[in-house]
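Both counts, for ligands and for their atoms, begin at 1 and track the order of listing.
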Amino acid sequence: MSETFDKAYWDEHYDAHAPAGAGGPNPYLLAASRDLTPGTALDAGCGEGAEAIWLAAHGWQVTAVDIADTALHRAREHAAAAGVTTGIDWIQADLTTWTPAEERFDLVCSHYVHPAAAPGDLFRRLAAAVAPGGTLLLVGHHPSDHHTATTPEAHVEIGELAAVLDPGRWDIAVAGDGSRVMSHGGREIPLHDTVLQARRRGQAAGGRLGR
Ligand SMILES: C[S@@+](CC[C@H](N)C(=O)[O-])C[C@H]1O[C@@H](n2cnc3c(N)ncnc32)[C@H](O)[C@@H]1O
């Protein structure tokens, strides 16, 4: 079956599914941010907000973008329930056209966004939004992922992600695949992911370095 991952798809997806419940932030984000000093972060395709809320709770100033109104509505509710009342700017926008300012964010992350069109263009814009010294984390569904086996349009290979980075300007920390178990709506779902984590070369503004 072929899917078009446009706004209508994601609106229907969230309307048809109960809130995700407390699954906690993505473990790749926990690992990537462990040694970083909190600054500005962009979460592209934030869904119900688990990562944005965790980042804000840990001192980051977060811009969280998603195309689906219901996802953002739930994300705001989850943030309020978690007592995270500041530090997140929730934006409803289509990432295939919404363009973040270049070199704006100390951390840009995106987990499983698989847009309807031109993922390479999106990933390139996300990479461009990383400030000198900042970190890019892109996580997608690996082609062998069982959970998304019927929607190969959602898959991404590491070569597609790495291709958006100029090797002369980035230090790649992680480029490959990983496995994890996601808790979703009371279920444990094994996932096989494609993961790219890279640091943009250059001095962070204000001389800030990772811890
Ligand atoms: C599989 S969900 C992942 C949500 C969250 N990042 C997570 O890891 O739980 C993909 C998310 O990307 C959003 N999304 C997909 N295409 C988008 C687009 N073109 N612009 C903005 N958000 C988009 C969807 O609405 C959805 O919330």
Walk me through it: do Asp69 and Lys7 pass the test salt bridge (charged side-chain N to carboxylate O under 4.0 Å, His left out)?
CA-CA 9 Å; Asp69 300 287; Lys7 178 165 168 50; 2.7 Å; yes
Correct closest heavy-atom pair for His155 and Thr148 would be NE2-OG1, 2.9 Å
Value for CG (Leu36) from CG (Asp106), rounded to nearest 0.5 Å, stands at 8.5 Å
Residues passing the side-chain contact (heavy atoms from CB on, under 4.5 Å) test with Ala149, sequence neighbours excluded, are none
Per the under 4.0 Å non-hydrogen criterion, ligand 1 touches Trp10, Tyr14, Gly45, Cys46, Gly47, Asp66, Ile67, Ala68, Ala93, Asp94, Leu95, Thr96, His111, Tyr112, Val113
Subject >> Derivation and outcome, side chain to side chain contact (heavy atoms under 4.5 Å, CB included), residues Phe5 and Thr151 >> reply: CA-CA 10 Å; Phe5 296 112; Thr151 51; 4.2 Å; yes
For a side chain to side chain contact (heavy atoms under 4.5 Å, CB included) check, start with the C-alpha distance between Thr96 and Asp121, then their side-chain angles and the critical distance, and finish with the verdict.
CA-CA 8 Å; Thr96 62; Asp121 289 349; over 6 Å; no
